[in-house]
Amino acid sequence: MIAIKQRAAALGFTAAGIVRLDRNPHAAELDRWLDAGHAGTMTYLNRQATKRKDPRRIFPGARSAVVTLTNYFHGWRPPGPRPGAKVAQYAWSPDYHDVLGERLEQLAAEIRRLAPGSQTRCYVDAGPVPERELAQLAGLGWIGKNMMLINPEIGSFTFIGVVLTDADLVPDAPFDADRCGTCTRCLDACPTQAFVGPRNLDARACISYLTIEHRGEFTAQQRAQVGDWVFGCDVCQDVCPWNESFAQETADPGFAPRDDVAFPDARAFASMEQPDFERRYGTTPFTRPGLEGMKRNAVVD
Ligand code: B12
Ligand code: SF4
Ligand code: SF4
C-alpha cells in the first residue's frame, strides 16, 4: 500500500492511512449524541446514522477506506485587536470541498489502477461517513477531548478526506493512545461552554453551529457568547498544546488565504445588497449562512 501513500503525498495530502471497514466501535456514542438532541437542526445526521454506525453500508461491497489529512493552518493570530471580524481558519481559502474533491478523485484513480475492476467513492465532509472515527482507525491520530482528530506531528488544523473502495487494502494499525492526558484546556476555554463533557459537544451551543447552521436571530446570550466570530470558531483548537507545539503553516497553493474572507470588514455586511454579496463571496463558505446570516453574525454593538 506504499504506492497509495506515495501518490497521496504527491497529490499534496499531508498524511494518509488505510482502514478495513467494520462496524463503528463508537456507534453507541453517536446514538446517545443524537438522542440528546445535540445535533440541533442538522437532521441529516439522523438520516445518515445507519451508515455512520456501519460504513460498510455506504455502498454495496464497501470494504476499505483510504483516509487523508490536509493541513490548513495559516499561523497564529497576532495578539491584540486586529481590524476585521474573526473567521475560523478552515474557511480562509477556496472551498476545501472542491480542492480536496479533485485530489481525492486522482487518489481514487490510483486505487483503481492498483486493484483493477475495483470501485471507489470520494467523500469530504458532506456524506454519511464517520470521518474522524475512520481517521483514528487508520492510524492518523486520536480524537481529542475537543472532538477533533489530532495528529501527533501537526495537530488538529486539518481537513479529512476519504476514498471508500470495495478493494481489499492492507490496513494500518489504529492510533490507540489518548494523548490528552489530564489536560482540559479546550473544555475550559470554550466561550459558550458547549462541551457537556470530554468528546461530547452540544452543537447547538457551539459558535461554529450558531454562525453557520443556525437560522433566525440570536438571543442576547448567544450574541454575547458569539462575540466577534462571524464565521466558525477556532478557540478549542487555538488553546490545544498539540497545536501550540506542532501546528505548521501550510504552503499548499490550493489553500492560499484570501484576505477579504480571513479578515472581512464586519460593518460592510450591514449595508451589503445581495448582488454585491454574490460578487464578493459567491464562491466562499459564507454562502452557507448567506447574506442574511452574515448580517446577523456581523452585528457590531
Ligand atoms: C456535523 C459537523 C459539525 C457540527 C458538530 C460538531 C461535532 N463535534 O460533532 C458543527 C457545525 C458544530 C461542527 C463544527 C466544527 N467542525 Co465539523 N463536521 C461535522 C461533520 C459533518 C459530522 C460530524 C459528526 O458526525 N458529529 C457527530 C459526532 C457524535 O460524531 P464524530 O464527530 O464523528 O465523533 C465520533 C467520535 O467522537 C467517536 N467517539 C466518541 N467517544 C470516543 C472515544 C474515543 C476514545 C474514540 C477513539 C472515539 C470516540 O464517536 C463519535 C461517533 O462516531 C464532520 C464531517 C463528517 N462527515 O464526519 C465535520 C468535521 C468533523 N468538522 C470539521 C471541522 C474542521 C469543524 C470545525 C473546526 C470548524 C470551525 N473551525 O468552526 C468545528 C469544530 C467544533 C468541534 N470541536 O467539534 C472537520 C474536522 C477535522 C478534524 N481534524 O477533526 C470535519 C471532519 C470535516 C472535514 N472533512 O474535515 N462540525
Ligand atoms: S468551536 Fe468554539 S464554540 Fe465550538 S466547541 Fe470549539 S471553542 Fe466551543
Ligand atoms: S486542549 Fe488538551 S484536552 Fe483539549 S484536545 Fe488538546 S490536549 Fe486534549
Side-chain angles (χ1 to χ4, degrees), residues 24-34 36 38-42 44-46 48-49 51-53 55 67-72 86-92 96-97 100 123-137 140-151 154-162 174-214 225-227 229 231-245 285 288:
N24 180 340
H26 296 95
E29 275 82 356
L30 178 60
D31 276 339
R32 272 199 287 275
W33 190 82
L34 290 169
H38 290 161
T41 55
M42 299 181 290
Y44 68 93
L45 292 170
N46 292 282
Q48 295 174 343
K51 290 177 175 169
R52 282 173 185 274
K53 288 192 285 183
V67 188
T68 63
L69 296 185
T70 304
N71 175 21
Y72 65 79
K86 287 196 286 192
V87 173
Q89 294 212 18
Y90 84 101
W92 289 14
Y96 71 99
H97 302 90
L100 293 182
Y123 296 93
V124 192
D125 190 43
V129 182
E131 294 181 338
R132 302 201 257 216
E133 192 78 39
L134 291 182
Q136 183 265 329
L137 291 168
L140 295 176
W142 76 101
I143 294 174
K145 290 179 190 173
N146 58 6
M147 292 185 89
M148 300 301 296
L149 188 284
I150 307 177
N151 178 280
I154 51 160
S156 69
F157 289 102
T158 59
F159 298 120
I160 302 176
V162 178
F175 194 103
D176 279 334
D178 171 4
R179 301 221 181 142
C180 285
T182 56
C183 175
T184 57
R185 278 202 212 177
C186 53
L187 310 181
D188 302 336
C190 173
T192 60
Q193 292 94 47
F195 291 103
V196 180
R199 299 178 189 87
N200 192 358
L201 171 67
D202 186 345
R204 293 170 299 184
C206 171
I207 292 170
S208 191
Y209 173 89
L210 289 170
T211 54
I212 302 170
E213 304 291 337
H214 176 76
Q225 290 174 324
V226 165
W229 289 101
F231 190 91
C233 167
D234 282 332
V235 173
C236 58
Q237 298 195 82
D238 284 346
V239 299
C240 179
W242 289 90
N243 287 331
E244 279 182 357
S245 302
R288 178 126 179 115

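Counting convention: from 1, in listed order, for ligands and their atoms alike.
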- Message: Yes or no: does N243 have any heavy atom under 4.0 Å from an atom of ligand 3?
- Response: no
Could you list which atoms of ligand 1 come closer than 4.0 Å to a heavy atom of [X]?
{"X": "R199", "value": "42 (C), 43 (C)"}
{"X": "N24", "value": "53 (O)"}
{"X": "S156", "value": "83 (N)"}

- Query: So what's near atom 6 (Fe) of ligand 2, protein N, O or S atoms under 2.8 Å?
  - Reply: C236 SG
Is ligand 1 under 4.0 Å from a heavy atom in the side chain of [X], in the backbone, in both, or in neither?
{"X": "H38", "answer": "neither"}
{"X": "Y44", "answer": "side chain"}
{"X": "E131", "answer": "both"}

- Are any side-chain N or O atoms of W242 and backbone N or O atoms of R179, one a donor and one an acceptor, separated by less than 3.5 Å? yes
Is [X] close to ligand 1, meaning an N/O of one under 3.5 Å from an N/O of the other?
{"X": "N146", "result": "yes"}
{"X": "R132", "result": "yes"}
{"X": "I212", "result": "no"}
{"X": "T158", "result": "yes"}

- Message: Once side-chain contact (heavy atoms from CB on, under 4.5 Å) is applied, do any residues pair with T158, and if so which ones, sequence neighbours excluded?
- Response: L69, I154
- Identify the protein heavy atom lying closest to atom 3 (S) of ligand 3, giving its residue, its atom name and the separation to 0.1 Å. C183 O, 3.2 Å
- Item | Identity and distance of the protein heavy atom lying nearest atom 7 (S) of ligand 3 | W242 CD1, 3.6 Å
- Note on the structure: A student comparing Q48, H97, M148, E133 should find that the heavy atom closest to atom 36 (C) of ligand 1 comes from E133
- Note on the structure: In short, side-chain hydrogen bond (donor to acceptor under 3.5 Å, both in side chains) pairs touching residues 186-198 with sequence neighbours left out are T184-D188
- Can you list the residues that meet the salt bridge (charged side-chain N to carboxylate O under 4.0 Å, His left out) rule with R52, with sequence neighbours excluded? none
- R52 heavy atom under 4.0 Å from ligand 1: yes
